[in-house]
A.B. asks: 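Next up is a structure, given as structure tokens.
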Amino acid sequence: MSFIEYSDLIQDGDVAIVHLGHNSVTAVKVQHGAQTQTRFGVIRHSTDLISQRYGSKVTCSKGGWVHVLHPTPELWTVTLPHRTQILYTTDIAMVTMMLELKPGSVVCESGTGSGSLSHAILRTIAPTGHLHTVEFHQQRAEKVVEEFKEHRVDHLVTVRNQDVCKDGFGVTGVADAVFLDIPSPWEAVGHAKAAMKKHGGRLCSFSPCIEQVQRTCQALTERGLEEVRTLEVLLRVHNVRPVTLQLPDFGPDSDSSSSSSQAAEEAPPSAAANPASLKIRTTTPPREMPGHTGYLTFATKPRT
Ligand SMILES: C[S@@+](CC[C@H](N)C(=O)[O-])C[C@H]1O[C@@H](n2cnc3c(N)ncnc32)[C@H](O)[C@@H]1O
């Protein structure tokens, strides 16, 4: 298993994603002899996971069952241990496309936080790209290094434990794209520009507040970045459900109505049973929707 390559069989040391039900997934580190408790009973790693195929249905000790899935950045985002606020897949998808990331891209990122975005970047730029990620909180930086090793993507990433606003990304003239998710991104714009290739590249900054966006846009313009655009992405997830629609009763047929007007009076339409109904599947918009996460500001560094 690796987060950038698919394997068929679950092996000792893998991170497997246990799917317990709708909107209920959890990540498990597979270890010989270990057990994982679920609401369906115990999963015994040696017998239930190791050497089974990814995607298998595993019966737990209480007779209930779960599916065991191969890890992906999307599944990691919904199962990872939070050490900070994280980016979710809706924003990540837009960032990945608008930064024009592809295999071979060199990317600078700060802060690393919980590594949610980092995993998506790594999957996109593999097998030849590189991620330089900067996190000034020492424990967070150490923890994410450990996770990158466990997920077998550490050859694609360098984690630097420093302040990006003071010390920059630790590289100059190499990045195709820069991503910022820090409280004061305007203080890192100069370093971001220096980290990017001479022939230019793309930048994105994520900020929850519009005041942060204003200051960032000003700094971007002052530093000569172009095509400055801010956008927000909102997700609407629809539920699929069956409904039964009662067909309307328009009364007796118009052809027969003249001859049987007396009969119609005797038996009013309400009394004439109209059992006709239609069963269909429909989607309903959500009653509650995830709200504002942050503004995404994009810009281009022109060729110099
Ligand atoms: C919101 S989190 C980033 C979450 C990340 N994008 C993810 O998807 O998991 C922000 C991180 O930036 C770090 N940070 C804030 N200011 C920084 C700075 N000046 N230099 C380096 N890291 C910084 C914080 O310690 C925190 O871990």
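Note that the numbering runs from 1 along the sequence shown for the chain. Note that these values count all heavy atoms, side chains included, but never hydrogens, waters or copies made by symmetry. Predicted model, so just to flag it, every value in this text is computed and none were measured. Atoms within each ligand, like the ligands themselves, are counted from 1 in listed order.
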A.B. asks: Check each of R229, E226, R202 against T300 using the side-chain hydrogen bond (donor to acceptor under 3.5 Å, both in side chains) test, and report the only one that passes.
C.D. replies: R202

A.B. asks: Does any N or O of ligand 1 fall below 3.5 Å from an N or O anywhere on L117, backbone included?
C.D. replies: yes

A.B. asks: Using distance alone, decide if ligand 1 has a nitrogen or oxygen within less than 3.5 Å of any nitrogen or oxygen in E135.
C.D. replies: yes

A.B. asks: Look only at interatomic distance and state if I182 has a nitrogen or oxygen under 3.5 Å from any nitrogen or oxygen of ligand 1.
C.D. replies: no

A.B. asks: Examine L87 against ligand 1 and note whether any of their N/O atoms are separated by less than 3.5 Å.
C.D. replies: yes

A.B. asks: So which heavy atom in the protein is nearest atom 19 (N) of ligand 1, and how far is it from that ligand atom?
C.D. replies: D163 OD1, 2.8 Å

A.B. asks: Would you say H137 has any N or O atom under 3.5 Å from an N or O of ligand 1, going by distance alone?
C.D. replies: no

A.B. asks: Can an N or O of P183 be found at a distance shorter than 3.5 Å from an N or O of ligand 1?
C.D. replies: no

A.B. asks: For this output row, return yes or no: ring centroids of F3 and H119 closer than 6.0 angstrom.
C.D. replies: yes

A.B. asks: Under 3.5 Å between some N or O of ligand 1 and some N or O of R140?
C.D. replies: yes

A.B. asks: Using heavy atoms and a 4.0 Å limit, tell me yes or no: is R83 in contact with ligand 1?
C.D. replies: no

A.B. asks: Is there a path of hydrophobic side-chain contacts, each under 4.5 Å between heavy atoms of I/L/V/M/F/W/Y residues, joining V233 to L87?
C.D. replies: yes

A.B. asks: Could you tell me whether D181 and ligand 1 have an N or O pair separated by under 3.5 Å?
C.D. replies: yes

A.B. asks: Can T79 and T26 be counted as having a side-chain donor-acceptor contact under 3.5 angstrom?
C.D. replies: no

